[in-house]
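Lettering follows sequence order; numbering is per chain, from 1.
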Protein chains: 2
Amino acid sequence: MARAATTTDAFNAVGDPTRRAVLNKLATGETTVKALAEHVNCPQSLVSKHLKVLREVELVRCRSVGRTRLYRIDRAGITPLQTWLTELTTAINQHYDRLDDYIQTLKADGDAVRKGEPR
Amino acid sequence: MARAATTTDAFNAVGDPTRRAVLNKLATGETTVKALAEHVNCPQSLVSKHLKVLREVELVRCRSVGRTRLYRIDRAGITPLQTWLTELTTAINQHYDRLDDYIQTLKADGDAVRKGEPR
DNA sequence: GAATAATATCCCCATATGGGCATATGTCAA
DNA sequence: TTGACATATGCCCATATGGGGATATTATTC
């Protein structure tokens with residue numbers, strides 16, 4: 001075995017900074033590949049690749065207009081992300097106390113100092 | 001250049017399915033490495049590595065108890081994820097019409113049928 | 001049809017990294 | 001001190017994949 005193939009889910013797709021930048025740009029409206037490339041400041045061919053990944057994960061969609069392709073956000077693909085995050089935080093709030101974080105921080109600091117651990 | 005090093009941000013950390021599983025489990029409370037390994041069904045050594053990644057990104061924290069280590073969620077690390085997602089969807093809602101998705105779907109389907117494209 | 005523009009692909013490279021395995025490190029109990 | 005248990009690390013491998021450059025593909029215009 002080796003590194004697992006992960007580019008098949010939205011979470012991994014969003015893991016790449018460049019792709020997040022692309023999404024941020026697209027969030028402001030339909031855009032051209034060229035425009036995206038300029039905005040993200042990287043070669044067009046690379047942007048096309050990132051767009052392909054985003055398409056496969058359905059975070060993005062596109063339509064042809066002349067010899068141009070207008071890319072846009074596909075809301076459907078974003079839902080899973082929101083859902084997971086929401087459920088995660090819900091579970092957390094349900095199982096962790098409010099003061100927990102604060103207490104843990106103090107505790108961790110104290111321990112670190114006492115034992116000379118790096119923080 | 002080559003593949004960019006990305007394991008330095010929470011987004012990438014969450015990109016891995018196993019790590020998400022670990023987070024899901026931890027969301028229900030402090031847990032032992034061993035327990036996590038059993039829950040996620042993968043070797044302890046691997047879980048330790050994933051935990052290390054999650055720690056570096058501050059999605060997780062731990063404290064020693066005897067010869068055991070209790071891992072817990074670190075809420076602070078989750079905030080960036082929520083923030084980005086929220087801002088993204090906010091921007092989208094601000095720039096995309098409600099009917100857009102529906103219209104685009106119809107359009108895409110029609111075009112595909114017309115041109116014999118795969119969908 | 002030829003030339004040009006916009007994208008997508010293909011090929012190649014470098015490396016990050018998920019996973020497996022053995023071992024080191026640390027802690028507690030007898 | 002020795003032994004057992006819990007974790008973390010180091011080493012190695014296989015591969016996914018980000019990035020670069022050139023080329024194929026498709027559409028537009030003259």
Side-chain angles (χ1 to χ4, degrees), chain A residues 1-9 11-23 26 30-57 60-72 111 114-118, chain B residues 1-9 11-22 26 30-57 60-72 111-112 114-118:
Chain A
M1 332 285 135
R3 180 185 201 187
T6 50
T7 313
T8 314
D9 81 87
F11 293 94
N12 181 70
V14 162
D16 181 86
T18 301
R19 284 192 289 258
R20 280 204 299 283
V22 168
L23 290 175
L26 287 180
E30 269 189 331
T31 313
T32 277
V33 175
K34 189 184 175 188
L36 282 172
E38 286 165 359
H39 183 75
V40 179
N41 192 40
C42 78
Q44 170 267 314
S45 85
L46 187 51
V47 172
S48 278
K49 288 175 192 169
H50 282 307
L51 286 171
K52 183 176 184 178
V53 173
L54 293 173
R55 234 185 303 140
E56 292 172 340
V57 174
V60 140
R61 206 185 323 172
C62 73
R63 63 191 176 103
S64 299
V65 173
R67 53 188 161 191
T68 267
R69 289 238 183 159
L70 291 185
Y71 276 83
R72 65 191 336 269
D111 291 349
R114 236 165 280 130
K115 313 179 72 172
E117 283 173 356
Chain B
M1 328 289 134
R3 182 185 201 187
T6 50
T7 312
T8 315
D9 79 86
F11 293 95
N12 183 68
V14 161
D16 182 86
T18 302
R19 284 194 288 259
R20 279 203 299 284
V22 167
L26 288 180
E30 269 189 333
T31 314
T32 277
V33 177
K34 189 184 175 189
L36 282 173
E38 285 164 1
H39 183 76
V40 179
N41 192 39
C42 79
Q44 169 268 314
S45 85
L46 187 50
V47 172
S48 278
K49 287 174 190 170
H50 281 308
L51 285 171
K52 182 176 185 179
V53 173
L54 292 173
R55 235 186 301 139
E56 291 173 341
V57 173
V60 140
R61 206 185 324 173
C62 73
R63 65 192 176 101
S64 298
V65 173
R67 53 187 161 190
T68 266
R69 289 238 182 160
L70 291 184
Y71 276 83
R72 65 191 336 269
D111 290 350
R114 236 165 281 130
K115 313 178 74 172
E117 283 172 356

How close do [X] and [Y] get, heavy atom to heavy atom, and via which atoms?
X       : Y       : answer
A:Arg55 : A:Cys62 : CD-SG, 4.5 Å
A:Tyr71 : A:Val33 : CE1-CG2, 3.6 Å
B:Gly15 : B:Arg20 : O-NH1, 3.4 Å

Sugar-phosphate only, base, or nothing, as touched by B:Thr32 at under 4.0 Å among non-hydrogen atoms:
sugar-phosphate

Once you apply a heavy-atom cut-off of 4.0 Å, does B:Ser48 come out as touching a base, just sugar-phosphate, or nothing?
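Base, at least one base atom sits under 4.0 Å.
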
In this structure, how many angstroms lie between the [atom2] atom of [N] and the [atom1] atom of [X], rounded?
X       : N      : atom1 : atom2 : value
A:Leu70 : C:dA8  : CG    : C1'   : 16 Å
A:Lys34 : C:dA8  : NZ    : P     : 14 Å
A:Lys49 : C:dA8  : NZ    : P     : 12 Å
A:Leu54 : D:dT17 : CG    : C1'   : 14 Å
A:Leu46 : D:dG18 : CG    : P     : 8 Å
B:Arg69 : C:dT27 : CZ    : P     : 9 Å
B:Arg55 : D:dA8  : CZ    : C1'   : 8 Å
A:Glu30 : C:dT7  : CD    : P     : 12 Å

OP1 or OP2 of [N] under 4.0 Å from side-chain N/O of [X]:
X       : N      : value
A:Arg19 : D:dG18 : yes
A:Tyr71 : C:dA8  : yes
A:Thr68 : C:dT7  : yes
A:His50 : D:dT17 : no

Taking for each residue the nucleotide of DNA chain D bearing the nearest heavy atom, is the 5' side occupied by B:Ala35 or by A:Pro43?
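Looking at DNA chain D, the more 5' nearest nucleotide goes with B:Ala35.
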
Kindly compute the distance separating [atom1] ([X]) from [atom2] ([Y]), expressed to the nearest 0.5 Å.
X       : Y       : atom1 : atom2 : value
B:Thr32 : B:Leu70 : OG1   : CG    : 5.0 Å
B:Arg63 : B:Glu30 : CZ    : CD    : 4.0 Å
A:Asn12 : B:Asn12 : CG    : CG    : 7.0 Å

On a plain distance test, is the side chain of A:Gln44 in donor-acceptor contact with the base of C:dA6 below 3.5 Å?
no

Base D:dT28 paired with A:Arg67 side chain (donor-acceptor, <3.5 Å)
yes

Got a list of side-chain donor-acceptor pairs under 3.5 Å for residues 35-54 of chain A, not counting sequence neighbours?
{"from": "A:Gln44", "atom 1": "NE2", "to": "A:Ser48", "atom 2": "OG", "distance (Å)": "3.1"}
{"from": "A:His50", "atom 1": "ND1", "to": "A:Arg19", "atom 2": "NH1", "distance (Å)": "3.2"}

Dot-bracket notation for DNA chain D, counting Watson-Crick and G-U pairs under 3.5 Å, with | for partners on another strand
||||||||||||||||||||||||||||||

